[in-house]
Amino acid sequence: QKEVEQNSGPLSVPEGAIASLNCTYSDRGSQSFFWYRQYSGKSPELIMFIYSNGDKEDGRFTAQLNKASQYVSLLIRDSQPSDSATYLCAVERAAGNKLTFGGGTRVLVKP
Amino acid sequence: DAGVTQSPTHLIKTRGQQVTLRCSPKSGHDTVSWYQQALGQGPQFIFQYYEEEERQRGNFPDRFSGHQFPNYSSELNVNALLLGDSALYLCASSLGGGFVDTGELFFGEGSRLTVL
């Protein structure tokens, strides 16, 4: 079992719709959770992070965390073609910035 | 404000050779981490340097080594290159050696290594 699992996709979403990305992790000691966006040939850029159970909203993005189910998700509202990228889920066991990444979900937003 | 810079951006080596990759952290950052990202996969943690010492290490063989200089810049060295070492090598900088969780890791654009 991989430590962090994501559906590789591609997840095809019409422009203006909601994209829903899921991530599960195996280490119950994980404390911090991150979503990164990576355009083809570019480096990952942080979208948002979440530490506590529940929802966290930032603009069109909402991260949801359920530690009991070891599940973290990302919702992208009003999806735009510029949101087409690979989205990486990452977890951190303790402060130290050693992140364990999932394989990423490729998202395609079609006009 | 300069972000994380890495060099070279692309390089080609043959099996058995050695390679050195370089990284300058974001201004004000003192911690450098290195990640390997194979094609179609997520980044994998190699190691982290803080105060010129290796603080954490991932599951990589001793062929992978590093160094951090007093100005916080860092090098990643890979000896006896294998075909499987072909990947994008990402440098990430942060502050505080991980003792203070800032919640953000700044990545450079990476060095793409091809081993033939």
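Here is how names work: the chains are called A, B, and so on, in the same order as the sequence lines, proteins then strands, and each is numbered from 1.
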Would Phe34(A) and Phe101(A) count as a ring-ring contact (aromatic ring centres under 6.0 Å, His included) if you check the C-alpha gap in whole Å, the side-chain angles of each, and the deciding distance to 0.1 Å? CA-CA 9 Å; Phe34(A) 304 83; Phe101(A) 285 84; 8.6 Å; no
Heavy-atom cut-off 4.5 Å, strictly under: side chain, backbone, both or neither for Glu45(A) against chain B? neither
Could you tell me whether Arg15(B) atom CZ has more than 12 heavy atoms of other residues or ligands within 6.0 Å of it? no
Atom CD of Glu3(A) with >12 non-hydrogen neighbours under 6.0 angstrom: no
On the 0 to 90° scale, with breaks at 30° and 60°, tag the Tyr49(B)-Phe47(B) ring pair as parallel, tilted or perpendicular. perpendicular
Please classify the contact between Gln44(B) and chain A as side chain, backbone, both or neither, with a heavy-atom cut-off of under 4.5 Å. neither
Bottom line for Glu109(B): the part with an atom under 4.5 Å from chain A's heavy atoms is both
